[in-house]
Amino acid sequence: MKLPAPVLNPPFNITRASHVVLTVQDIDASKAFYTDLVGLITTAEDSQTVWMRGREEACHHSLVLRKGTTPDCQRIGLRVQTDDDILKAKDYFDSIGTAAEIVEVEHQGKTLHVTDAIGMPVELTASMPVQPRLFMSYDRYHGASAQRLDHWQIQAQDVRRAHDFWHPLGFRASEYTYSIDDGVENLWGVWLQRKGNPHDLVFTNGPGPRLHHFAYLLRDAHDLVHACDVAGAMGLGQRLERGPGRHGISGAMFIYFRDPDGHRIEMFNTHYQCIDLEDPIGWDLKDPRRADQWGLPAQAKWFNEATTFAGTPPSPPSLSSPLPTLERFLGLA
């Protein structure tokens with residue numbers, strides 16, 4: 001399968017994955033989960049919202065928890081380089097007939113709201129108030145001591161359509177998965193990046209759009225194991241959904257937890273640089289090594305369950321498995 005050449009001069013400059021905004025039912029329980037187990041820092045809070053960040057992050061927040069009745073994801077956030085990029089983004093989306101609106105968002109600079117080609121709500125922001133980096137405040141570490149937000153994985157009803165929306169904006173594929181059905185190659189998943197490692201934004205085939213997970217980088221493998229021990233001590237051991245293990249795609253060691261509302265978070269380390277221009281790595285969907293180099297296979301719910309986006313009912317995927325079960329198709333049964 002051949003993916004299109006990278007766009008090296010996009011219409012505006014997206015720099016990285018920035019933040020995610022979740023609705024939670026019990027804000028105190030969610031705050032405790034992300035503080036005591038994940039190890040995030042609370043930057044600011046009120047009765048309805050908590051703004052959190054990782055230990056090496058200087059941005060005001062990378063996770064926003066908002067109290068609500070229905071758990072969902074309100075938006076994912078991307079950083080752009082300057083305020084001028086927000087204006088360029090508005091002009092670009094206007095030119096392609098995609099509605100975009102400049103809005104005021106608390107604790108953020110100039111911000112643009114837009115919905116992508118598969119219905120995923122996104123906000124671009126150029127700045128946040130700068131906070132002290134606390135990665136050397138080792139006496140204040142808790143749980144997994146998460147360092148920074150790295151990426152999201154999105155279940156997309158049409159992976160190719162999602163790719164074609166983000167590709168002109170400078171997102172480059174590092175890796176991808178494909179199937180060959182009746183002699184036709186189908187794109188099942190694509191790992192897209194802007195910041196020079198394997199992924200900021202991942203799309204995989206499934207009912208969508210839905211947020212499959214968001215991921216925080218840890219310092220080392222010890223923190224992965226320590227997070228599992230902390231979860232056990234907190235009575236949250238059953239929230240460990242997958243891992244520890246090592247992905248084939250990206251090479252990362254990982255664990256996945258579900259928070260009190262069922263939102264899925266990955267904590268991981270050890271992926272590689274992907275800065276120079278090079279061809280993306282393709283994986284046959286039937287190759288089980290792409291998902292697990294070692295460790296137990298994922299449970300069915302890891303494939304089937306995900307967080308819906310607010311106001312966006314998921315649609316059925318454009319591709320369906322030709323084999324009896326998804327697990328067998330993915331080489332996991």
Side-chain angles (χ1 to χ4, degrees), residues 1 3-4 6-7 10 13-20 54 56-57 62-63 73 76-80 116-118 120 122 124 146-156 159-178 187-206 208-218 224 242-243 245-256 264-283 285 287 289-293 298 302-303 306-307:
M1 173 174 286
L3 296 179
V7 174
N13 187 18
I14 296 172
T15 60
R16 62 175 177 86
S18 171
H19 58 282
V20 60
E56 72 173 50
E57 290 178 316
S62 56
L63 175 63
C73 178
I76 64 167
L78 292 159
R79 281 292 285 267
V80 298
D116 81 349
I118 62 167
M120 179 174 65
V122 177
L124 309 176
Q147 298 294 303
R148 68 176 184 269
L149 180 75
D150 186 78
H151 66 269
W152 318 275
Q153 182 167 318
I154 308 299
Q155 282 197 338
V159 173
R160 176 67 71 173
R161 187 174 183 185
H163 169 272
D164 291 349
F165 179 90
W166 292 100
H167 171 259
L169 303 183
F171 280 84
R172 290 194 280 135
S174 60
E175 309 197 34
Y176 64 93
T177 56
Y178 65 90
L187 184 65
W188 270 75
V190 64
W191 278 247
L192 301 172
Q193 64 92 4
R194 284 292 293 164
K195 67 181 179 297
N197 65 27
H199 41 5
D200 289 276
L201 186 55
V202 179
F203 293 102
T204 57
N205 183 70
R210 297 190 297 172
L211 175 66
H212 183 270
H213 69 265
F214 59 102
Y216 274 86
L217 186 72
L218 307 185
L224 291 172
R242 184 180 179 188
R246 185 183 293 279
H247 291 308
I249 295 174
S250 83
M253 295 179 63
F254 64 84
I255 50 177
Y256 292 87
R264 182 181 291 110
I265 180 173
E266 178 185 20
M267 290 178 273
F268 77 104
N269 69 351
T270 63
H271 58 187
Y272 59 90
Q273 284 190 332
C274 187
I275 298 172
D276 303 329
L277 296 180
E278 55 191 89
D279 290 336
I281 301 167
W283 294 81
L285 199 61
D287 184 349
R289 295 174 303 166
R290 60 170 185 70
D292 293 282
Q293 291 286 305
W302 191 88
F303 297 103
T307 296

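For this chain, numbers begin at 1 and follow the sequence in order.
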Side chains of Q155 and R210: is there a donor and an acceptor less than 3.5 Å apart? yes

Does the pair I118 and F165 meet the rule for a side chain to side chain contact (heavy atoms under 4.5 Å, CB included), with working shown? CA-CA 9 Å; I118 62 167; F165 179 90; over 6 Å; no

Measuring from I265:CD1 to L63:CG, what's the distance to the nearest 0.5 Å? 7.5 Å

Non-hydrogen side-chain atoms of W191 and P198 separated by less than 4.5 Å: no

Is the F203-H163 ring centre distance short of 6.0 angstrom? no

Only residue of I281, T204, I249, N205 satisfying side-chain contact (heavy atoms from CB on, under 4.5 Å) with T177 is I249

How far apart are the C-alpha atoms of R194 and N13, what are their side-chain angles, what is the distance that settles it, and do they pass the side chain to side chain contact (heavy atoms under 4.5 Å, CB included) test? CA-CA 9 Å; R194 284 292 293 164; N13 187 18; 2.8 Å; yes

Considering residues, nucleotides and ligands other than R16, do more than 12 of their heavy atoms fall under 6.0 Å from its CZ? yes

Minimum-distance pair of heavy atoms, taken over all atoms of L211 and A306: O-CB, 3.5 Å

What distance separates I255 CD1 from L218 CG, expressed to the nearest 0.5 Å? 6.5 Å

Nearest 0.5 Å, what's the CZ-OH distance between R264 and Y256? 8.5 Å

Of all heavy-atom pairs linking H167 and P6, the shortest is NE2-CA, 4.0 Å

Y216 and S62 have their tightest heavy-atom pair at OH-OG, 2.6 Å

Answer with yes or no whether the side chains of H199 and Q153 bring together a donor and an acceptor at under 3.5 Å. no

Report yes if the distance between the aromatic ring centroids of H212 and W302 is under 6.0 Å, otherwise no. yes

From the list R242, R246, H247, side-chain hydrogen bond (donor to acceptor under 3.5 Å, both in side chains) partner of D292 resolves to R242

Shortest non-hydrogen contact from Y178 to G282? CE2-C, 4.0 Å

Run the numbers on V190 and R160 for side chain to side chain contact (heavy atoms under 4.5 Å, CB included), then give the verdict. CA-CA 9 Å; V190 64; R160 176 67 71 173; over 6 Å; no

With a 4.5 Å limit on heavy-atom distance, are the side chains of F171 and L78 in contact? yes

Just distance, no hydrogens or angles: give the donor-acceptor pairs under 3.5 Å from side chains in residues 267-280, sequence neighbours left out.
from, atom 1, to, atom 2, distance (Å)
T270, OG1, M253, N, 3.3
H271, NE2, N197, ND2, 3.2
Y272, OH, E175, OE2, 2.7

Interatomic distance, NE2@H151 vs NE2@H213, rounded to 0.5 Å, equals 3.5 Å

Between the side chains of K195 and D200, is the shortest nitrogen-to-carboxylate-oxygen separation below 4.0 Å, so that they form an ion pair? yes

Going from CG on D164 to CG on D116, what distance comes out if it is rounded to the nearest 0.5 angstrom? 11.5 Å

One pair to check against side chain to side chain contact (heavy atoms under 4.5 Å, CB included): V122 and W166. What are the steps and the verdict? CA-CA 12 Å; V122 177; W166 292 100; 4.0 Å; yes

Distance in Å, L192 CG paired with Y176 OH, rounded so as to fall on 0.5 Å steps: 13.0 Å

